[in-house]
2 protein chains.
Amino acid sequence: MFTIGKASEQSGVNIETIRYYEREGVVPKPGRSAGGRRLYSPDEIATLRFVRRCRDLGFPISIIQTFLSLTKQSDRSCGEVKTLAESHLDEINAKIENLELLRKALLSLSANCDDGTAACPMLDALMKDGFGELRSEQSRP
Amino acid sequence: MFTIGKASEQSGVNIETIRYYEREGVVPKPGRSAGGRRLYSPDEIATLRFVRRCRDLGFPISIIQTFLSLTKQSDRSCGEVKTLAESHLDEINAKIENLELLRKALLSLSANCDDGTAACPMLDALMKDGFGELRSEQSRP
DNA sequence: TCTACTTCCTGTAGCAGCTACAGGAGCAAG
DNA sequence: CTTGCTCCTGTAGCTGCTACAGGAAGTAGA
């Protein structure tokens with residue numbers, strides 16, 4: 001059994017984040033020592049690592065909770081996982097597309113900044129009325 | 001002069017968001033009518049539109065505040081704007097790169113889900129120890 | 001003028017996913 | 001026994017909004 005510090009090291013999850021996950025019911029409450037300290041089994045640490053990896057893949061907590069409950073059922077879980085993963089992939093693709101658009105817009109705006117005039121053409125363009133609107137939902141993460 | 005509803009329509013900024021910007025000092029406090037309602041000049045609406053466009057480009061509020069103060073100075077602002085825009089571009093590029101990595105990781109993980117076994121290879125892989133770590137800072141927006 | 005309806009006001013709380021304290025207690029080493 | 005580390009709970013903050021509640025102001029029609 002390991003204290004929260006060791007669990008944090010081994011799972012790569014910040015101590016405060018581990019306690020946060022426990023508060024939010026993402027991971028079950030671990031046992032406690034006589035002095036009231038949290039004690040984690042290797043399995044519980046593996047769960048924390050699993051959560052971190054899913055977070056690294058960009059999955060939101062709510063989906064990760066579904067994953068965790070699916071891992072306990074063992075049967076018929078794969079189709080659901082694949083569906084969730086694919087819709088997440090769609091979101092990632094949409095984000096990439098949006099960022100590419102932003103990239104292009106920013107590049108063309110800042111390119112004008114080299115023209116040596118005192119006023120900034122980029123700020124000017126953003127102030128003016130004729131500027132094309134982006135209004136892309138996914139651009140706000 | 002326009003009430004907040006018209007200002008919202010013309011700038012594309014949500015009413016609540018306009019009030020939020022005012023509270024946070026992003027935009028100056030507008031004048032008020034006899035009855036205590038906010039009244040916006042076309043210039044103030046242009047500022048709101050400018051803020052929205054910058055947000056659409058993904059600039060954080062703090063940078064937009066710098067932009068707004070630079071537009072008031074008029075001289076020597078362009079170099080600073082370009083620097084800020086370019087570092088923002090770097091961030092966007094980093095985000096795109098990270099998302100591409102996530103995309104590949106997710107694709108290869110969910111591809112295994114077709115093998116017809118009852119247990120899910122994707123969840124299995126995320127549970128196991130040998131899984132390559134991503135640990136990419138920029139992946140969390 | 002009365003009434004209904006819309007718009008606006010302030011203030012507060014919530015979202016996600018943490019992170020950062022404050023103020024105290026447990027625990028091991030020297 | 002003291003130093004120093006880790007841990008505890010509880011609460012507040014971060015970003016950028018959004019969504020109420022409960023009330024006041026303004027507008028339009030009868």
Side-chain angles (χ1 to χ4, degrees), chain A residues 1-27 29-40 45 48 50-68 88 91 95 134-141, chain B residues 1-27 29-40 48 50-68 88 91 95 135-141:
Chain A
M1 298 300 248
F2 305 89
T3 59
I4 198 168
K6 304 293 170 192
S8 170
E9 266 176 44
Q10 287 181 43
S11 65
V13 182
N14 186 301
I15 290 179
E16 309 265 25
T17 308
I18 293 176
R19 288 197 277 248
Y20 166 74
Y21 285 161
E22 183 186 326
R23 271 201 306 284
E24 297 299 303
V26 181
V27 298
K29 289 175 193 272
R32 298 280 181 137
S33 73
R37 304 195 161 191
R38 290 170 180 82
L39 291 177
Y40 295 87
I45 292 173
L48 286 169
F50 173 82
V51 172
R52 182 181 60 69
R53 284 167 178 169
C54 291
R55 290 293 302 128
D56 284 347
L57 287 168
F59 284 105
I61 298 287
S62 53
I63 300 290
I64 299 174
Q65 282 175 307
T66 308
F67 284 166
L68 283 171
H88 185 52
E91 280 170 34
K95 275 187 192 170
L134 282 164
R135 292 279 70 194
S136 49
E137 325 302 329
Q138 263 72 17
S139 81
R140 303 278 206 307
Chain B
M1 298 300 246
F2 306 88
T3 57
I4 199 169
K6 305 292 170 193
S8 169
E9 267 175 43
Q10 288 180 42
S11 64
V13 182
N14 186 300
I15 290 179
E16 309 265 27
T17 307
I18 294 176
R19 289 197 276 248
Y20 165 76
Y21 286 161
E22 182 186 327
R23 272 201 306 282
E24 298 298 305
V26 181
V27 299
K29 289 175 194 272
R32 297 281 181 136
S33 74
R37 304 195 159 189
R38 290 169 179 83
L39 291 177
Y40 295 87
L48 287 170
F50 172 82
V51 172
R52 182 182 59 68
R53 283 165 176 169
C54 290
R55 290 292 301 130
D56 285 347
L57 288 168
F59 284 105
I61 297 287
S62 53
I63 299 289
I64 299 174
Q65 282 176 306
T66 307
F67 284 167
L68 283 171
H88 184 53
E91 280 169 34
K95 274 186 193 173
R135 292 280 70 195
S136 48
E137 325 302 328
Q138 264 72 14
S139 79
R140 303 273 207 311

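Quick caveat, the model's predicted, so the values are computed rather than measured. Lettering follows sequence order; numbering is per chain, from 1.
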So which protein N/O to nucleotides 25-30 of chain C N/O distances come out below 3.5 Å?
{"unit_1": "C:dG26", "atom_1": "N3", "unit_2": "A:Arg37", "atom_2": "NH2", "d": "3.1"}

* Structure fact -> Residues at least two apart in sequence or cross-chain that pass ring-ring contact (aromatic ring centres under 6.0 Å, His included) with B:Phe59, listed by chain then number, are B:Phe67, B:His88
Output the distance between atom [atom1] ([X]) and atom [atom2] ([Y]), rounded to the nearest 0.5 Å.
X       : Y       : atom1 : atom2 : result
A:Thr17 : A:Glu24 : OG1   : CD    : 11.5 Å
B:Thr3  : B:Glu9  : OG1   : CD    : 8.5 Å
A:Ser11 : A:Ile45 : OG    : CD1   : 7.0 Å
B:Arg32 : B:Met1  : CZ    : CE    : 12.5 Å
A:Lys6  : A:Ile15 : NZ    : CD1   : 10.0 Å

[N] phosphate, OP1 or OP2, under 4.0 Å from [X] side-chain N/O:
X       : N      : value
A:Arg55 : C:dC18 : yes
B:Thr17 : D:dT18 : yes
B:Tyr21 : D:dG16 : no
A:Thr3  : D:dT6  : no

* **Side chain A:Ser8, main chain A:Val13, donor-acceptor under 3.5 Å** => yes
Interatomic distance where [atom1] belongs to [X] and [atom2] belongs to [N] [whole Å]:
X       : N      : atom1 : atom2 : answer
B:Glu24 : D:dC14 : CD    : C1'   : 11 Å
A:Tyr40 : D:dT6  : OH    : P     : 16 Å
A:Glu22 : D:dC7  : CD    : P     : 14 Å
A:Tyr20 : D:dG13 : OH    : C1'   : 14 Å
B:Arg52 : D:dT18 : CZ    : P     : 13 Å
B:Ile18 : D:dT18 : CD1   : C1'   : 14 Å
A:Lys29 : D:dT9  : NZ    : C1'   : 12 Å
B:Met1  : C:dC8  : CE    : C1'   : 17 Å

Are any non-hydrogen side-chain atoms of [X] and [Y] less than 4.5 angstrom apart?
X       : Y       : value
B:Phe50 : B:Arg53 : no
A:Ile18 : A:Tyr40 : yes
A:Leu48 : A:Arg52 : no
B:Ile64 : B:Arg55 : yes

* Structure fact -> Sorted by chain and number, sequence neighbours left out, side chain to side chain donor-acceptor pair (under 3.5 Å) with B:Arg38 holds for B:Glu22
Quick one: which protein N/O atoms are closer than 3.5 Å to N/O atoms of nucleotides 1-5 of chain D? Pair and distance per line, please.
none

* To do: May I ask you to list the residues of residues 59-68 of chain A, by number, that have any heavy atom positioned under 4.0 Å from an atom of DNA chain C?
  =>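 Within this stretch, A:Pro60, A:Ile61 sit under 4.0 Å of the strand.
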* Proximal nucleotide (of C:dC9, D:dC8, D:dC17) relative to the A:Arg32 side chain ->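 Comparing C:dC9, D:dC8, D:dC17 against the side chain of A:Arg32, the answer is D:dC8.
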* To do: Note down the inter-axis angle between the two ends of the helix from C:dT1-D:dA30 to C:dG30-D:dC1, five pairs each, to the nearest 10°.
  => 20°
* Asked: B:Ile61 and B:Gln65: side-chain contact (heavy atoms from CB on, under 4.5 Å), yes or no, with the steps?
  -> CA-CA 6 Å; B:Ile61 297 287; B:Gln65 282 176 306; 4.1 Å; yes
* List in chain and number order the residues that pass side chain to side chain contact (heavy atoms under 4.5 Å, CB included) with A:Glu16, two or more places apart in sequence or in another chain; answer none if no residue qualifies. => A:Asn14, A:Arg19
Check: protein-nucleotides 20-23 of chain C nitrogen or oxygen pairs below 3.5 Å:
{"unit_1": "C:dA20", "atom_1": "N7", "unit_2": "A:Glu16", "atom_2": "OE2", "d": "3.3"}
{"unit_1": "C:dC21", "atom_1": "N4", "unit_2": "A:Glu16", "atom_2": "OE2", "d": "3.4"}

* To do: Quick one: do A:Val51 and A:Leu68 satisfy side-chain contact (heavy atoms from CB on, under 4.5 Å)? Show the steps, please.
  => CA-CA 9 Å; A:Val51 172; A:Leu68 283 171; 4.0 Å; yes
